[in-house]
Amino acid sequence: MFQLYYWYVQSKVADALLVLDESGTIYYLSLGRWDLLVDLAKKDFGRKREYDLSPGKERFKNKMITRTITHVKQALDHPLKASVSCKGLKYKFVFGTALQKDVWTFLIERVGCGETSTYSEVAKQLGRPCIARQVGQACEANKIAVIVPCHRIVSVSGDLTGYRWGLNLKKYLLALEKHADQT
DNA sequence: CTTAAGTGTCTTT
DNA sequence: AAAGACACTTAAG
């Protein structure tokens, strides 16, 4: 049984529920209302027998946990700095299929701040030109908001076809990052 | 602009 | 094992 803690992080962009372990590795980052997020996280992790999810307490805080929380808060306060502050940030995918994990890893490693890509382009880069739709599925299934930059993936026509945490937030994040890129 | 068809994966029965 | 859903894309009215 592996112990995980959840913390509530407030920021300008959105309020978030962050799940991490005692080494500061991120498992989950969801946006929205606190009460709803906790229920959702409990439900998600409840299906995983190997993890125990408990509320984060001040007395549990160590250096690595504090560091990750600070960086996540910074990333949410200033998404423009996300790609910088996320460097060296550890994360782990405990949900999702092999393909979905491949997509998420690709997004983190290859789609930087200020950039956008398309579902079909990501598919192509993964060597599977015909799985654009599955790339969309992977984005929808993503459990680590903002850190896995699903918001940077748009349709080939440039439309913002969907965002798990609200299209307005996607639009807002992209505008913020684009603006930041010019400085 | 709207439909329709092709597409591969994932979820639900 | 099968059906239906899907944050896709392209082509054709």
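This one's a predicted model, so the numbers in the text were calculated from it and none came from an experiment. Lettering of chains follows the sequences in order, A, B, ..., and the numbering in each one begins at 1.
Base-pair partner of dA1(C): dT13(B) (Watson-Crick or G-U wobble, both distances under 3.5 Å). dC1(B) is paired with dG13(C) under the criterion used here, namely a Watson-Crick or G-U wobble arrangement in which both key atom distances are under 3.5 Å.
Taking atom CH2 of Trp165(A) as the reference point, atom C1' of dA7(C) lies 12 Å away to the nearest angstrom. The distance between atom CD1 of Ile153(A) and atom P of dC8(C), rounded to the nearest whole Å, is 12 Å. Protein atom CG of Asp102(A) is 12 Å distant from nucleotide atom P of dT9(B), rounded to whole Å. Taking atom CD on Gln137(A) and atom C1' on dG8(B), their separation rounds to 8 Å, with Å as the unit. To the nearest angstrom, P of dC8(C) lies 19 Å from NZ of Lys124(A). Spacing between atom CZ of Phe95(A) and atom P of dC10(B) amounts to 16 Å, rounded to whole angstrom units. Distance Gln134(A) CD to dT11(B) C1': 14 Å, rounded to the nearest Å. Rounded to whole angstrom, the span from the CG atom of Leu126(A) across to the P atom of dT9(B) amounts to 12 Å.
If you check every strand for non-hydrogen atoms under 4.0 Å, Arg128(A) touches sugar and phosphate atoms only.
Nearest heavy-atom pair across Ile147(A) and Pro149(A) is O-CD, 3.3 Å.
Distances were taken from every side-chain heavy atom of Cys139(A) (C-beta onward) to each of dA7(C), dT9(C), dG6(B); the shortest belongs to dA7(C). Taking the side chain of Arg164(A) as heavy atoms from C-beta on, and the options dT9(C), dG8(B), dA7(C), the nearest nucleotide is dA7(C).
Side-chain N/O atoms of Tyr163(A) and base N/O atoms of dA7(C) include no donor-acceptor pair closer than 3.5 Å.
Annotation for Lys48(A): atom NZ counts as buried by contact number, over 12 foreign heavy atoms lying within 6.0 Å.
Between dC8(C) and Ser120(A), no contact under 4.0 Å exists linking OP1 or OP2 to a side-chain N or O.
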Test ring-ring contact (aromatic ring centres under 6.0 Å, His included) on Tyr172(A) and Tyr163(A); report intermediate values, then the result.
CA-CA 12 Å; Tyr172(A) 179 68; Tyr163(A) 193 56; over 10 Å; no
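Note that Lys101(A) lies outside the cation-pi zone of Phe93(A), set by a 6.0 Å cut-off to the ring centre and a 45° limit from the axis.
Paired with Tyr28(A) under the rule ring pair (Phe, Tyr, Trp, His ring centres under 6.0 Å), one option of Phe45(A), Tyr6(A), Trp7(A) passes, and it is Phe45(A).
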